[in-house]
Number of protein chains: 2
Amino acid sequence: MNILEDFGMRLKELRLRSNLSQDMLAARCGLDRTYIGSVERGERNISLKNIQIICNTLDIDISYFFCDERFSLRSASLKSELDRPLTERFRYYESAEENLIMWQVSGALSLEEIKSISVDLKAACLKLRLGKVKLLVDNRKMMASGEPIVFQHEITERWEELQRWFLPHCEQIIVLCNSKLMQNQMNRLAKRSGIIEVQRCLYCDDEDWLTKELRPESYFNIR
Amino acid sequence: MNILEDFGMRLKELRLRSNLSQDMLAARCGLDRTYIGSVERGERNISLKNIQIICNTLDIDISYFFCDERFSLRSASLKSELDRPLTERFRYYESAEENLIMWQVSGALSLEEIKSISVDLKAACLKLRLGKVKLLVDNRKMMASGEPIVFQHEITERWEELQRWFLPHCEQIIVLCNSKLMQNQMNRLAKRSGIIEVQRCLYCDDEDWLTKELRPESYFNIR
DNA sequence: ATGTGACTTATAGTCCGTG
DNA sequence: CCACGGACTATAAGTCACA
């Protein structure tokens, strides 16, 4: 396996994780459909500019592109995910006593669902002492067919808007991730929304990381 | 600063950290001197194959090339380093009781010095219960003019030989590093010498990481 | 030891198509 | 939706003489 085939496989993985066809990715990159195909097959010695264009389109750091985390070449089917009741895929909880809000995403969410969730979360936050809120986000189960979900553009924009809203109210934000890919994605989101100073995105590849009980006291100084 | 200039700067940094001229690097890569120069100035849209060739020559992962750790553009002068007495730059210690050997590299070492050190370390190791030896290597002060030293090819080969010799005798190896660059370098070395299974290369960017006292009991289960 | 401009040739990347 | 092909144009690779 040479570097070009390797890169091609990686691209295919990440494209499928993002639920895009070669056609759609090419269009978003401003590159040719057949070109993306031949890169994926390892037939092209792609240049740095185009690598960057593709990475920006997929919203993934170049360095992540060359790391050792790998995924299947199966496309992430979100359809079946979205059939599960929302209460299985999203849960939140706020505590006035600890001035803390936390939520868990355990599957895919549709754009409409995120919109209504945003309203609820903002209302919940406003019950707390603003400026000093601790926010704990648990994305460890945000998976489809056993692999991490990568956001679509429209979805990312929604989360970004929500994070921007939360930023001035929070003193600390912790986001738990289920992969380096998720961590990369959340860090990029954090940089864009300007919250990188107060936010930490965490991921371990310990065996039990994904299933450990969510305990705010292990991330924040509480009592 | 576009991606090409960025890449060029990065290349220059890492080349200087490796104490190579454009000429020497080009020769080792099998590329033209002026080509390397124009890449460093961000004038070329370099392709993936050539990126890989350069990375292999510098013995650095592609992913590291695109990470956020940066160095100065000053060349690492090893000459003045090598004038300091060897006892300041290298120290080792073995404990039969704990079946442990540890060493500290605190500056540059010449090829001759490494050869004689190797002999001493092997002799020290043979005093222990073989197969169960714990090895602790402290590279946190392996610096020249305040920045991490990157090995020359000949030097790497020596360390690799030493590591290969130690491998069958050790049950665990911990290497402390002073940068992601050092960590990258040591991990590559570990993969090549086949010891990656028992070796862990550690680095934190905590403030006191570089100066913390060396305490084997914090890395191994001892007593 | 590196920067510059001018040059050739190889191949990256596009656009049309087919199965 | 994707693999593959042929014909085309733009651009990267690679070399040189000279500062």
Side-chain angles (χ1 to χ4, degrees), chain A residues 1-58 62 65 71-79 145 150 152, chain B residues 2-58 62 65 72-79 152:
Chain A
M1 174 92 82
N2 68 35
I3 180 79
L4 303 185
E5 289 168 355
D6 214 47
F7 181 87
M9 290 267 293
R10 187 86 180 122
L11 172 55
K12 188 166 185 176
E13 272 174 36
L14 295 173
R15 175 175 64 76
L16 291 174
R17 217 87 307 280
S18 303
N19 248 279
L20 294 170
S21 67
Q22 291 181 349
D23 247 334
M24 291 159 75
L25 177 61
R28 292 186 186 199
C29 289
L31 294 168
D32 197 85
R33 174 181 65 76
T34 62
Y35 178 65
I36 294 288
S38 59
V39 169
E40 285 190 0
R41 274 172 270 124
E43 296 166 8
R44 298 293 181 130
N45 183 12
I46 189 172
S47 68
L48 186 49
K49 269 187 186 171
N50 279 351
I51 292 175
Q52 194 195 31
I53 288 171
I54 292 174
C55 284
N56 283 345
T57 304
L58 292 174
I62 297 187
F65 229 91
F71 299 104
S72 73
L73 293 174
R74 284 174 296 120
S75 163
S77 87
L78 300 181
K79 298 265 159 59
S145 14
V150 171
Q152 304 280 54
Chain B
N2 67 37
I3 180 80
L4 304 185
E5 290 168 355
D6 214 50
F7 181 86
M9 291 266 296
R10 188 86 181 124
L11 172 55
K12 188 166 185 176
E13 273 173 38
L14 294 173
R15 174 175 63 77
L16 291 173
R17 218 79 320 270
S18 304
N19 248 278
L20 294 170
S21 66
Q22 291 180 352
D23 242 335
M24 291 159 74
L25 177 61
R28 293 186 186 198
C29 290
L31 295 168
D32 197 85
R33 175 186 71 74
T34 62
Y35 179 67
I36 294 289
S38 59
V39 169
E40 283 191 1
R41 273 172 272 120
E43 295 166 8
R44 300 282 184 137
N45 183 11
I46 190 173
S47 70
L48 186 50
K49 268 188 186 170
N50 280 351
I51 292 176
Q52 194 196 29
I53 289 171
I54 292 174
C55 285
N56 283 346
T57 305
L58 291 174
I62 297 188
F65 230 90
S72 73
L73 293 174
R74 285 174 296 121
S75 163
S77 87
L78 299 182
K79 299 263 157 61
Q152 304 280 53

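Sequence lines set the chain letters: A, B, ... in the order given, protein chains first and strands last, and positions in each chain run from 1.
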It should be established whether Y35(B) places a side-chain nitrogen or oxygen under 4.0 Å from OP1 or OP2 of nucleotide dG14(D).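 For dG14(D), OP1/OP2 do not have a side-chain N/O of Y35(B) under 4.0 Å.
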Any side-chain heavy-atom pair of Q152(A) and N19(A) under 4.5 Å: yes
How many whole angstroms separate atom [atom1] of [X] from atom [atom2] of [N]?
X: L31(A); N: dA10(D); atom1: CG; atom2: P; result: 16 Å
X: I51(B); N: dA12(C); atom1: CD1; atom2: P; result: 13 Å
X: D32(B); N: dT8(C); atom1: CG; atom2: C1'; result: 14 Å
X: R33(B); N: dA13(D); atom1: CZ; atom2: P; result: 18 Å
X: K12(B); N: dA1(C); atom1: NZ; atom2: P; result: 14 Å
X: L4(A); N: dA12(D); atom1: CG; atom2: C1'; result: 14 Å
X: I36(B); N: dG14(D); atom1: CD1; atom2: P; result: 10 Å

Donor-acceptor under 3.5 Å (N45(B) side chain, K49(A) main chain): yes
Using the test salt bridge (Lys or Arg N to Asp or Glu O under 4.0 Å), find all partners of R44(B) that sit at least two apart in sequence or belong to another chain. none
Can you tell me which nucleotide in dC15(C), dC16(D), dA13(D) comes closest to the side chain of T34(B)?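 It is dC16(D).
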Please determine whether the number of non-hydrogen atoms from other residues, nucleotides or ligands lying under 6.0 Å from atom CE of M24(B) exceeds 12.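 Atom CE in M24(B) is packed in, count exceeds 12.
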Using a heavy-atom distance cut-off of less than 4.0 Å, which residues of residues 13-25 of chain B contact DNA chain C? R15(B), S21(B), Q22(B), D23(B)
Of all of residues 40-49 of chain B, which get a heavy atom below 4.0 angstrom from DNA chain C, listed by number?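 When residues 40-49 of chain B is checked for heavy atoms under 4.0 Å from DNA chain C, the hits, listed by number, are R41(B), E43(B).
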Take L16(A) and F71(A) through the side chain to side chain contact (heavy atoms under 4.5 Å, CB included) test and state the conclusion after the steps. CA-CA 10 Å; L16(A) 291 174; F71(A) 299 104; over 6 Å; no
Working to the nearest 0.5 Å, report the span between CD of E13(A) and CZ of R10(A).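 Between E13(A) CD and R10(A) CZ, I get 5.0 Å after rounding to 0.5 Å.
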Non-neighbouring partners of [X] that pass side chain to side chain contact (heavy atoms under 4.5 Å, CB included), sequence neighbours left out:
X: Q22(A); answer: R15(A), I36(A), E40(A)
X: S18(B); answer: L20(B), L58(B), V150(B)
X: T34(B); answer: D32(B)

